[in-house]
Amino acid sequence: MSAPALDSPATATRRPARRIDGALITLLIGAVILWFAPAGMSRYGTYVLSLWLVMSIGVMGLNLTLGYAGQTSLAQAAFMGLGAYTTAILTTKWGVSWYAAFGLSGLFTFCVGILLGFPALRVRHHYLAFVTLAFSTLVWLVLRNEQWLTGGTFGISNIDRPPFFGIKLFGALEFHRFVVAVTLILSLMLWWLVRSPWGRAFTALRENPVRAASLGIDTRAYTLLAFAIGSAYGGFAGSLFAPLVEFIDPSPFTLSQSLFLLLMVVAGGSGYFVGPFVGALLGVVLPEWLRFAGSLYLIIFATIVLALLIICPQGVSGLIERSWAALRRRLGRKAGGAP
């Protein structure tokens, strides 16, 4: 029996084949389940599932920056906002197709990530957190105040959903399946990346930057690349978010939302491949399940997250991995006849 697909970079090099196969199988099975999951659900329930996947893409990018490269970013919501507004402006005002706008949003946020990270990473790594903090506030102010471009507090409405091979994706179920397909493609790209030599370099510089540098790894270049790719995933998430909600304004892209995305990374398991999905599930779906508690649901949600982080600072994925390892040891002792 293979281990669960909770592929942390610290353990991936010890058992690569088993971990890689488990992660890929988990990803594919999850995509199949999510493809059929909304059957019989309400429109709102389907929307929540789609929103979970969109947020998972953004958290995947932040997990690459924090969990694999060891850098703290406080601007992931800002990159999502750049991606969402780029897509909304290109599709509603300039008539660009969503697919082209999706690619341009990722390219734009990738370039902004390089421009933003280059001066910060040349000094010390914690300067990136300070720079992204200021950048997040700047982006929100631009989105809110530059009404001629972004619509200001009135936002941008009538954002069309993209067609897929001539099929109009106006329905909640159709667009959800489109989101599943896009999420799967982006996840497979990241799955390949973190297991490539680049991914191993990311892990090395996170675990021991001095040793990584002694092995000939350009730590600044790889850290900058991880941050830029993570920023691009934020842009991709925003590009999907815009047609999902069909209306955007600056409120979902504040600094507090960036902190919430950071919490999703930590709660799901920083550095674990499925951690972003688990963390986004806690951040998006769990509050919906707690709506029955009325005004107390936010307090209950915060208590659950705090208890989780106290019990297992490595997040849900780390807790599952530890439980699985303990179960395997117990089964091994029983098979060996040990008392």
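Just so you know, these numbers use all the heavy atoms, side chains as well, and skip hydrogens, waters and symmetry mates.
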Any side-chain to backbone donor/acceptor pair from T203 onto G199? Under 3.5 Å, distance only. yes
Which value, rounded to the nearest 0.5 Å, describes the distance between Q71 atom CD and L62 atom CG? 11.5 Å
R161 side-chain N/O to F175 backbone N/O, donor-acceptor pair under 3.5 Å: no
Between the side chain of S196 and the main-chain N/O of L193, is any donor-acceptor distance below 3.5 Å? yes
Please determine whether side-chain contact (heavy atoms from CB on, under 4.5 Å) holds for the pair F273 and T26, giving the CA-CA distance in whole Å, both sets of side-chain angles, and the decisive distance to 0.1 Å. CA-CA 10 Å; F273 182 74; T26 300; over 6 Å; no
Side chains of V316 and L282: closer than 4.5 Å at any heavy-atom pair? yes
Single-linkage hydrophobic cluster, 4.5 Å side-chain cutoff, W35 and M41 together: yes
Report the C-alpha separation of I185 and M189 in whole Å, then their side-chain angles, then the decisive distance to 0.1 Å, and conclude whether the side-chain contact (heavy atoms from CB on, under 4.5 Å) test is met. CA-CA 6 Å; I185 293 171; M189 292 170 58; 4.1 Å; yes
For P163, side-chain contact (heavy atoms from CB on, under 4.5 Å) partners two or more places apart: none
Return the set of residues passing ring pair (Phe, Tyr, Trp, His ring centres under 6.0 Å) with F102 (not counting sequence neighbours), or none when no residue passes. W98, F236
Determine the minimum heavy-atom distance between T150 and I156, stating which atoms define it. O-CG1, 3.4 Å
Single-linkage hydrophobic cluster, 4.5 Å side-chain cutoff, L138 and Y85 together: no
ILVMFWY network linking L104 to F241, side-chain heavy atoms under 4.5 angstrom: no
In Å and rounded to the nearest 0.5 Å, what is the CD1 to CD1 distance from I29 to I25? 6.5 Å
Is the count of non-hydrogen atoms from other residues, nucleotides or ligands lying under 6.0 Å from R144 atom CZ greater than 12? no
Should the pair F135 and F79 be assigned to parallel (<30°), tilted (30 to 60°) or perpendicular (>60°) ring geometry? tilted
Starting from the C-alpha separation in whole Å, work towards a yes-or-no answer on side chain to side chain donor-acceptor pair (under 3.5 Å) for Q314 and Y272. CA-CA 9 Å; Q314 294 158 340; Y272 289 85; 4.6 Å; no
Heavy-atom nearest pair, G58 first then A237, reads N-CB, 3.5 Å
Compare every heavy atom of T87 with every heavy atom of S105, then report the nearest pair and how far apart it is. OG-OG1, 2.9 Å
Please lay out, stage by stage, how S50 and H176 fare under the test side chain to side chain donor-acceptor pair (under 3.5 Å). CA-CA 5 Å; S50 301; H176 168 77; 3.0 Å; yes
Dump the intermediate steps for side chain to side chain donor-acceptor pair (under 3.5 Å) on S73 and T65, then the final yes or no. CA-CA 7 Å; S73 171; T65 303; 5.9 Å; no
Got a donor-acceptor contact below 3.5 angstrom from the T109 side chain to the G106 backbone? yes
Correct closest heavy-atom pair for G275 and S317 would be CA-OG, 3.6 Å
Working to the nearest 0.5 Å, report the span between CG of L186 and CG of L240. 7.5 Å
Using modelled atom types only, decide if a donor and an acceptor are shared between the side chain of K93 and the backbone of L149 within a distance under 3.5 Å. yes
Between S56 and W52, is there a donor-acceptor pair closer than 3.5 Å when you use the side chain of the first and the backbone of the second? yes
Please report the closest heavy-atom contact between S258 and S136, naming both atoms and the distance. OG-OG, 3.8 Å
Check for me, please, whether L28 and M60 land in the same ILVMFWY cluster - side-chain distances under 4.5 Å, paths through other members count. yes
Donor-acceptor pair, side chain of T91 and main chain of S97, under 3.5 angstrom: no
If you apply the rule side-chain contact (heavy atoms from CB on, under 4.5 Å), what do you find for Y44 with E288, and how did you get there? CA-CA 11 Å; Y44 182 72; E288 296 297 329; 3.1 Å; yes
Can you tell me how far apart CG (D160) and CG (N158) are? Round to the nearest 0.5 Å. 7.5 Å
I'd like to know if the side chain of Y233 and the backbone of A228 have a donor-acceptor N/O pair within less than 3.5 Å. no
Considering all heavy atoms of both residues, which atom of F110 and which atom of A232 are nearest to each other, and what is their separation? CB-CB, 4.0 Å
Any donor and acceptor pair, going by atom type alone, linking the side chain of T132 with main-chain N or O of A129 inside 3.5 Å? yes
Between OG on residue S239 and OH on residue Y99, distance to nearest 0.5 Å: 11.0 Å
Show your working on side-chain contact (heavy atoms from CB on, under 4.5 Å) between L24 and L188 and close with a plain yes or no. CA-CA 8 Å; L24 181 60; L188 289 174; 3.6 Å; yes
Checking the side chain of N145 only, and the main-chain atoms of G152 only, is there a donor and an acceptor separated by less than 3.5 Å? no
